[in-house]
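A short write-up of the structure that comes next.
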Amino acid sequence: MTEQNISNLSREDRTFDPPADLAANANVTADVYDTAAADRPAFWGEQAERLDWGTPFTEVLDWSNPPFAKWFVGGTLNAAYNCVDRHVEAGHGDRVALHFVGEPEGDTRDITYAQLKDEVSRAANAFEELGVEAGDRVAIYLPMIPEAVIAMLACARIGAPHTVVFGGFSSDALASRVTDCGAKLIVTADGGFRRGAASALKPAVDEALVKIDNENTAIVENVLVVRRTGQDVAFDSSIDSWWHEVVDEASEIHEPQMFDSEHPLYVMYTSGTTGSPKGILHTTGGYLVQSAWTFWAVFDHKPTDVYWCTADVGWVTGHSYIVYGPLANGATQVLYEGTPDTPHRGRWWEIIETYKVSLFYTAPTAIRTCMKWGEEIPAKHDLSSLRILGSVGESINPEAYVWYRENIGGGTTPIVDTWWQTETGAHMISPLPGVTSGKPGSAMTAIPGIAAEVVDDAGHPVENGEGGYLVITEPWPSMLRTIWGDDDRYRQTYWSRWPQYYFAGDGARKDADGAIWLLGRVDDVMNVSGHRLSTTEIESALVSHPKVAEAAVVGATDDTTGQAVVAFVILRESAGSGDQGDEIVQELRAHVGKEIGPIAKPRTIMVVPELPKTRSGKIMRRLLRDVAENREVGNTTTLADAGVMDLITSGMKTAK
Ligand code: ATP
Ligand code: MG
């Protein structure tokens with residue numbers, strides 16, 4: 001192992017085999033790994049047959065001009081037709097596509113595939129009446145309501161790439177995205193329900209239009225407003241129109257046009273965890289093939305399943321695993337508008353019980369929050385319908401994995417820890433629930449058809465048991481095609497460190513069996529007295545202490561060791577709210593020393609009420625590094641809750 005590689009410190013050795021009945025009936029069996037690896041294009045060509053094509057493709061992959069890929073060359077298709085119409089044509093029009101659950105209790109609405117087809121067609125006609133043509137961009141700034149899904153599919157239907165902006169973002173974030181991709185139409189709502197109250201959205205659109213000086217630049221021609229909360233909004237009839245007037249009155253007959261496989265489907269901005277967000281471009285054919293296949297394979301989806309992904313549609317997970325993947329498979333799913341604790345902390349588990357959810361997909365941050373609240377909350381609900389649990393967004397700490405499996409999964413459900421990125425479009429590294437024996441904290445191996453490797457500085461694969469950089473060594477169908485409007489930045493960001501490999505920006509190690517463990521962002525790796533330490537491993541050691549619910553670790557400049565480990569922890573509520581001073585800090589330092597080794601002991605541990613997170617629940621360590629090094633806190637525009645940094649910095653001041 002070279003000096004530069006990340007130290008490998010974890011001692012996790014638990015494994016969980018797939019339940020026998022799940023393994024016996026699984027959609028994907030173990031042999032598929034080898035078949036796919038023997039001829040990747042042939043494998044993906046076969047998976048493409050699960051979609052309906054207008055014109056068949058003539059070539060699976062054109063990689064003659066790397067890193068610019070073309071998949072399913074010559075093929076044409078319509079993504080919305082594949083997600084909606086074809087299920088109705090196959091006789092499943094009465095099947096529920098969306099069980100919508102609004103945040104106010106009792107505010108529910110079931111939408112069948114036949115109804116979804118009518119709604120999407122109406123919206124497509126309305127968008128066209130508003131002057132949107134194939135190739136024009138549409139920004140969608142909505143709460144988690146059915147119109148968000150309908151608007152995305154209506155865009156896909158008319159070939160207008162959408163860019164969904166998280167409804168919790170400010171007018172600044174909206175303005176910069178609308179400007180970057182040049183959106184002609186913004187679809188928004190008066191507001192949405194959040195934490196028990198109506199929260200306005202439309203004013204942020206009005207502010208964004210001023211910020212982009214729309215009067216002079218005329219980027220945005222129309223704003224279409226869904227009436228969700230009924231709250232008062234400013235209305236300028238020269239640009240604003242109501243969804244219920246324009247869309248509801250449009251015809252439900254709309255002929256889907258076929259688009260080239262490489263026609264742009266959407267631009268999604270990354271979370272901004274490590275820097276400023278990048279506009280990631282996804283195109284139609286390859287993206288839909290891989291999101292559809294992975295949904296079917298990784299969640300072992302059967303027509304009888306009820307699926308629920310708690311992500312927001314403003315995140316790539318919402319695109320691939322609420323909209324395109326599930327709907328391409330004709331799945332029935334829950335769509336929930338609100339927060340997990342409104343009006344009470346059992347809301348999620350109540351929804352699972354009511355709808356008999358069988359496949360559940362959420363983020364480690366949510367699991368750790370539930371750990372903090374205590375296991376007696378889910379214990380009040382019948383969660384026996386669940387058969388597979390998923391995790392996405394960060395490494396799941398082994399303790400959180402075991403808690404999730406025991407308290408939500410009844411001690412039997414496999415957990416699929418899915419590693420992927422906005423850029424990869426769909427799952428890349430994950431267990432398969434009927435095949436893989438899961439190890440808590442590991443995303444295990446690349447799924448069939450994907451070639452991932454962990455390499456050292458020189459780009460050579462590391463041995464089992466060693467750490468390095470995660471790369472993807474072969475192109476894949478749902479890969480990003482470029483950064484919107486910036487091919488150079490695309491090349492530079494992902495394909496320059498080792499020109500033949502896609503560099504994901506994450507550190508990883510292979511264990512003795514070759515399973516992959518994600519170690520955190522390469523930018524976040526700490527160098528303590530010459531040892532390169534992983535944030536993930538130290539955080540997991542802290543979370544394995546019974547009093548800790550969440551932890552974030554950063555490296556801060558230190559005169560003697562180069563960098564020192566600084567930890568921020570949130571305690572479990574069962575740890576009591578009494579004096580949490582020096583005693584707990586000493587206890588946690590000793591615990592990390594015992595779990596990992598003295599080198600990993602944090603120099604400083606701060607007990608905090610909250611951590612800075614992105615909208616998708618990822619910890620923004622760069623902001624904590626600013627705090628640890630007493631710097632002005634950097635760009636916070638993609639924080640889910642901007643007030644958190646004030647809480648933490650004021651806590652730091654009182655602690656001093
Ligand atoms: P930016 O690129 O702007 O900093 P981001 O990387 O947070 O933002 P996303 O595309 O939403 O934006 O996140 C992808 C990243 O999330 C991955 O690179 C990885 O660091 C992390 N991640 C996602 N799933 C997992 C997982 N299962 N295990 C470990 N890390 C994961
Ligand atoms: Mg990233």
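Residues: numbered from 1 along the sequence shown. Just so you know, ligand 1 is whichever comes first in the structure, and atom 1 is the first atom listed for that ligand. Bear in mind that the values here come from a model prediction, so they are computed numbers and not experimental data.
The shortest contact between atom 10 (O) of ligand 1 and any protein heavy atom is with T422 OG1, 2.5 Å. Given atom 8 (O) of ligand 1, the protein heavy atom at minimum distance is G272 N, 3.1 Å. Ranking the protein heavy atoms by distance from atom 22 (N) of ligand 1 puts G393 O, 3.1 Å first. The closest protein non-hydrogen atom to atom 29 (C) of ligand 1 is S395 N, 3.0 Å. Looking only at protein heavy atoms, the nearest one to atom 26 (C) of ligand 1 is E394 O, 3.3 Å.
In this structure, W495 has its ring center closer than 6.0 angstrom to the ring center of Y502.
A salt bridge links R625 with D524: the closest approach of a Lys/Arg side-chain nitrogen to an acidic carboxylate oxygen falls below 4.0 angstrom. Comment: R368 engages E394 in a salt bridge, judged by a side-chain N to carboxylate O separation of less than 4.0 angstrom. Salt bridge present: R387 and D300 bring a charged side-chain N and a carboxylate O closer than 4.0 Å. Classification of E423 and R481 as a salt-bridged pair fails, no side-chain N sitting under 4.0 Å from a carboxylate O.
Listed by number with element, the atoms of ligand 1 under 4.0 Å from a non-hydrogen atom of D506 are 17 (C), 18 (O), 19 (C), 20 (O).
For atom 13 (O) of ligand 1, the candidate residues are R622, K618, Q421; the nearest heavy-atom contact is made by K618. Considering only non-hydrogen atoms, atom 7 (O) of ligand 1 lies nearest to T273 out of T270, D523, T273.
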